[in-house]
Undergrad: 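Provided herewith is a single structure, encoded as structure tokens, for subsequent inquiry.
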Amino acid sequence: MDNTFKARNTDPRYSKLTIGVCPDQWGVWFPWDEKQIPWDKALEEMAEAGFSIMETGPFGYFPTNPKLLKAVMDAYGFTVVAGTAWGVLHKEEEWATTEAWFRKVAETHAAVGAEYIVHLPPMFRDEHTGEFTDVRHLDGAAWDLYVNNANKLGKIMKDDYGLQMVLHPHGDSHIETREDIDRIFQATDPEYVGFCLDTGHIVYGMADNLDLIKDYPERISYVHIKAMDPKLVKQAHDEDWPFVKAVHAGCSVAPPEGEPDMPTLIEALADLDKELYVICEQDMYGCDPAYPAPNAAKVREYLASIGLGLK
């Protein structure tokens with residue numbers, strides 16, 4: 001282990017921030033893909049890197065049977081706190097499929113004691129090819145349906161499964177820019193729709209994490225902590241790259257590289273003075289399978305040195 005970040009910040013202000021991990025930190029985007037590391041190998045490496053809190057990532061990557069999922073997580077010392085699900089909210093004909101999928105994911109995760117379900121927004125460009133698959137901006141009836149279905153889905157998750165649904169901003173999605181985020185906060189019911197502050201995607205959307213934390217402290221209920229190279233972010237937008245091209249170009253980087261400035265961010269999260277899971281991520285689909293383990297261990301050690309990871 002590199003001892004660069006050996007000294008830890010022990011300020012008790014940070015005790016409400018609990019670090020975790022998810023498969024994205026290991027380059028995993030899909031339930032199965034030949035470019036991805038096998039789930040059992042990733043789980044072993046995650047434990048060896050010092051993590052014990054898990055967001056399970058794409059449903060089907062880890063076992064989906066609740067008893068089996070709990071058994072394998074227990075075997076490696078992990079507590080599952082969240083699952084993720086992908087669902088279309090702005091098309092009436094997709095609602096039944098989205099609801100059924102979220103119920104399936106929620107049933108498994110409620111059974112293992114999770115607290116959150118992360119809504120991954122549909123992307124308007126294909127995650128493999130970068131080709132457009134949907135409109136870039138939602139207005140009118142499509143936007144109204146998006147909002148109404150977000151509220152409806154969040155209510156189902158809370159009432160039927162005891163899970164808080166959090167919307168996730170994402171490059172090439174309908175929640176990408178600060179304008180998009182403002183619209184969704186103003187339109188949705190805070191009782192049922194929380195927000196996953198993905199610090200890297202906020203940078204990718206050309207917004208400011210500190211401003212969002214300051215303006216919407218009550219809506220931020222879950223965090224993905226990641227960093228982006230601002231020069232590549234600018235190039236991606238200037239040249240209208242699909243998000244997958246930006247990832248392959250190395251846009252998502254390991255802290256302390258890139259933005260946001262992590263010490264300042266951790267200060268702002270600690271100032272919220274509420275329990276938060278802060279899940280490590282780095283978009284690197286298709287990476288060398290030998291890279292994630294040592295990289296994640298170093299990132300976790302660095303974050304601990306600035307106050308994240310005290311428990």
Side-chain angles (χ1 to χ4, degrees), residues 8 10 12 14-28 31 37-85 102-120 157-158 160-166 168 194-199 220-226 266 269-270 272-282 292-293 295-297 299-304 307-311:
R8 283 177 168 76
T10 57
Y14 304 107
S15 64
K16 292 183 178 180
L17 306 178
T18 301
I19 197 169
V21 71
C22 72
D24 187 55
Q25 184 69 47
W26 259 251
V28 174
I37 186 171
W39 70 265
D40 51 346
K41 179 63 173 174
L43 189 59
E44 179 183 6
E45 291 183 355
M46 289 171 176
E48 289 175 351
F51 294 99
S52 62
I53 297 295
M54 178 68 71
E55 176 191 313
T56 57
F59 192 63
Y61 180 65
F62 291 123
T64 58
N65 177 283
K67 291 183 179 178
L68 182 55
L69 179 61
K70 189 173 190 313
V72 298
M73 291 295 168
D74 285 350
Y76 287 94
F78 278 96
T79 299
V80 175
V81 301
T84 62
F102 266 77
R103 285 188 180 276
K104 186 174 183 179
V105 176
E107 184 176 1
T108 290
H109 286 80
V112 299
E115 301 169 54
Y116 295 90
I117 186 164
V118 180
H119 176 272
L120 292 175
M157 294 296 100
K158 186 172 185 177
D160 293 359
Y161 303 98
L163 298 173
Q164 171 69 56
M165 187 183 78
V166 291
H168 185 299
F195 188 65
C196 171
L197 181 75
D198 186 297
T199 62
I220 295 166
S221 43
Y222 193 79
V223 180
H224 284 167
I225 193 163
K226 83 171 53 154
I266 299 303
L269 293 176
L272 289 174
D273 193 31
K274 62 181 176 180
E275 299 286 343
L276 282 173
Y277 292 114
V278 184
I279 307 300
C280 287
E281 285 196 334
Q282 186 177 344
N295 174 65
V299 168
R300 188 196 58 75
E301 188 75 6
Y302 166 67
L303 293 174
L308 176 59
L310 300 180
K311 65 175 182 175

Undergrad: Listed by chain and number, what are the side-chain hydrogen bond (donor to acceptor under 3.5 Å, both in side chains) partners of Q164, not counting sequence neighbours?
TA: none
Undergrad: Among V105, I117, V118, find the residue that satisfies the side-chain contact (heavy atoms from CB on, under 4.5 Å) test when tested with L163.
TA: I117
Undergrad: Just jot down the side-chain contact (heavy atoms from CB on, under 4.5 Å) partners of D160, sequence neighbours excluded, or say none.
TA: R103, I156
Undergrad: What's the shortest heavy-atom distance between A293 and A49, and which atoms?
TA: O-CB, 4.4 Å
Undergrad: I'd like to check the salt bridge (charged side-chain N to carboxylate O under 4.0 Å, His left out) partners of E55; sequence neighbours left out, ordered by chain and number.
TA: none
Undergrad: Does any part of the side chain of E281, heavy atoms only, come nearer than 4.5 Å to the side chain of C22, both counted from C-beta?
TA: yes
Undergrad: How long is the span from the NZ atom in K41 to the CG atom in L43, to the nearest 0.5 Å?
TA: 11.5 Å
Undergrad: For E107, enumerate each residue passing the side-chain hydrogen bond (donor to acceptor under 3.5 Å, both in side chains) test, keeping only those at least two apart in sequence or located in another chain.
TA: none
Undergrad: Using atom types as modelled, flag every donor-acceptor pair under 3.5 Å from a side chain in residues 57-70 to any protein atom, sequence neighbours excluded.
TA:
| from | atom 1 | to | atom 2 | distance (Å) |
| --- | --- | --- | --- | --- |
| Y61 | OH | I37 | O | 2.7 |
| N65 | OD1 | K67 | N | 3.0 |
| N65 | OD1 | L68 | N | 3.0 |
| K70 | NZ | D74 | OD2 | 2.7 |

Undergrad: Would you check, one step at a time, whether the test side chain to side chain contact (heavy atoms under 4.5 Å, CB included) holds for H168 with T84?
TA: CA-CA 10 Å; H168 185 299; T84 62; over 6 Å; no
Undergrad: With a 6.0 Å cut-off (strictly less than), is the heavy-atom count around NZ of K274, excluding the residue itself, greater than 12?
TA: yes
Undergrad: Considering residues at least two apart in sequence or located in another chain, which fulfil the side-chain hydrogen bond (donor to acceptor under 3.5 Å, both in side chains) criterion with T56?
TA: H109
Undergrad: Taking C-beta and beyond as the side chain, do I225 and I266 meet within less than 4.5 Å on heavy atoms?
TA: yes
Undergrad: Please round to the nearest 0.5 Å and tell me the distance separating atom OG of S221 and atom CD of E275.
TA: 13.0 Å
Undergrad: Roughly how far apart are Y302 OH and L308 CG, rounded to 0.5 Å?
TA: 10.5 Å
Undergrad: Report all side-chain donor-acceptor pairs from residues 75-82 shorter than 3.5 Å, counting only partners two or more places apart or in another chain.
TA:
none

Undergrad: Side-chain contact test, heavy atoms from C-beta onward, threshold under 4.5 Å: evaluate it for V21 versus W26 and give yes or no.
TA: yes
Undergrad: Please report the interatomic distance SG(C196) to CG(L120), rounded to the nearest 0.5 Å.
TA: 8.5 Å
Undergrad: Rounded to the nearest 0.5 Å, what separation is found between the CE atom of M46 and the CE atom of M73?
TA: 7.5 Å
Undergrad: Tell me every residue that passes side-chain hydrogen bond (donor to acceptor under 3.5 Å, both in side chains) with Q282, counting only those two or more places apart in sequence or in another chain.
TA: N295
Undergrad: Can you list the residues that meet the ring pair (Phe, Tyr, Trp, His ring centres under 6.0 Å) rule with F51, with sequence neighbours excluded?
TA: none
Undergrad: Could I get the full list of ring pair (Phe, Tyr, Trp, His ring centres under 6.0 Å) partners for H119, not counting sequence neighbours?
TA: F102
Undergrad: What are the two closest heavy atoms between I19 and G309, and how far apart are they?
TA: CG2-CA, 3.8 Å
Undergrad: When rounded to the nearest 0.5 angstrom, what distance separates CG in L197 from CD1 in I220?
TA: 4.5 Å
Undergrad: Take I279 and Y222 through the side chain to side chain contact (heavy atoms under 4.5 Å, CB included) test and state the conclusion after the steps.
TA: CA-CA 8 Å; I279 307 300; Y222 193 79; 3.2 Å; yes
Undergrad: Kindly give the heavy-atom pair with the smallest separation between M54 and P23, and that separation in Å.
TA: SD-CD, 4.5 Å
